[in-house]
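Before any comments, here is the structure.
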Amino acid sequence: MKCAAGSALVLVLSTLAACGGKGGPEVSVPPDSTVGLAAFPPMANDNPPGASAAARATATALGRGVNFGNMLEAPSEGAWGLRVEPEYIDAAAAAGFKSVRLPVRWSNHASPGRPFDVDPVFMARLESIVDSLLGKGLYVVLNMHHYHLLDGDPADAGDTAVDSTLVAERFLVMWKQIAEQFKGKSDHLVFELYNEPHGRQSPAAWNDLAARALAVVRKSNPQRVVMIGPTNWNSADALGSLRMPNDSNLIGTIHNYSPFSFTHQGATWVSPVLPVGVSCCDAGQQAELTAPLAKARTWSDATRYPIYLGEFGAFEMGDMASRVRFTRLMRDGAESRGFSWGYWELASGFGVYDPAAHAFRSPLRDALLGN
Ligand code: BGC
């Protein structure tokens with residue numbers, strides 16, 4: 001049966017009864033005040049206190065990191081050609097990275113209707129990966145990635161179809177389950193609420209949803225450090241409209257792919273595909289690269305929350321010498337402003353590691369980690 005979208009309460013309730021996943025419990029429909037998002041009130045965000053010493057220490061300890069991209073945020077692990085392998089965990093730690101950001105498409109591993117159960121096999125897989133990373137002494141940033149419906153974007157082929165009235169509530173209930181599963185982990189595990197909110201996640205919508213999600217997380221993880229980034233794909237330009245909740249164990253996060261015409265040349269997921277042959281980094285490009293970092297520094301000074309640069313990188317269609325220059329400039333620009341960072345990404349199209357050769361691409365690795 002198709003779980004049709006609908007906004008009238010009666011339709012929501014009948015949809016619920018028909019599509020609730022487990023049948024029975026939804027028949028005793030809760031009072032209106034607990035239907036949908038109303039059951040997940042937002043944390044206040046009128047007076048964010050700035051970061052605690054613990055959040056600041058964690059932000060620093062994340063240090064130089066790398067994204068395990070194109071693995072767990074693919075529609076299913078392996079669908080984009082990469083799985084999380086012990087080899088990658090060992091290689092990241094041995095190279096000297098201090099943290100790994102784990103992008104995860106949870107939305108393809110949870111039931112579409114209430115109670116939105118996360119697949120226990122997938123949850124166990126994630127727990128084992130997180131444990132392996134923590135066991136290597138790495139900090140871990142565990143996020144939610146590519147829940148396209150949350151941004152109002154079309155689903156990818158093979159994505160779980162979800163009734164539009166349930167999409168945001170499902171986001172919160174997935175976080176409830178993730179937070180409960182990982183609540184006993186070391187404080188070297190950090191949660192990041194959502195990668196690159198955009199589209200339907202206007203500043204107002206995202207400030208509201210993030211405050212609800214943090215309240216959900218805080219029920220089981222009262223102290224864990226959580227990252228929240230601004231809208232417009234975690235653009236530093238949107239930091240001004242980001243309202244941090246009234247909570248001190250928080251870090252702000254941005255992404256920086258400027259100059260985009262260089263970093264994303266030839267990338268097939270950008271439309272139209274940008275022309276190749278762009279090198280980096282002349283003075284104008286350096287100014288483009290630096291401007292978002294300067295904005296983030298200003299925001300961090302004003303709000304007293306630290307910044308983690310969660311993604312930057314240059315796609316393989318650029319020449320290697322330019323990619324190395326870009327990478328080193330971004331690293332230095334971030335570090336000189338006190339930001340920890342995660343390079344995008346380990347072993348795919350931006351990869352610092354060549355999975356076929358089982359070796360790092362040393363010019364990129366040195367740009368990230370060398371003297
Ligand atoms: C997206 C990736 C993309 C990367 C660079 C990430 O946030 O999730 O799919 O490759 O940005 O564009």
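Position 1 is the first residue of the sequence; numbering continues from there. Note that ligands are numbered from 1 as they come in the structure, with each ligand's atoms numbered from 1 the same way.
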Shell of residues surrounding ligand 1, defined by a 4.0 angstrom heavy-atom cut-off that is strict: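 Under the 4.0 Å cut-off, ligand 1 touches His145, His146, Asn195, Glu196, Tyr257, His264, Trp269, Glu311, Trp344, Phe350.
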
Identify, with sequence neighbours excluded, every residue that meets ring pair (Phe, Tyr, Trp, His ring centres under 6.0 Å) alongside [X].
X	result
Phe262	Phe326
Tyr353	Tyr88, Phe360
His264	Tyr257, Phe260, Trp269, Phe350

Pair His145, Asn195: side-chain N/O donor-acceptor within cut-off below 3.5 Å: yes

Any side-chain donor near an acceptor of the partner, Ser128 and Asp131, under 3.5 Å: no

The single option from Phe339, Trp341, Trp344 passing ring-ring contact (aromatic ring centres under 6.0 Å, His included) against Phe312: Trp341

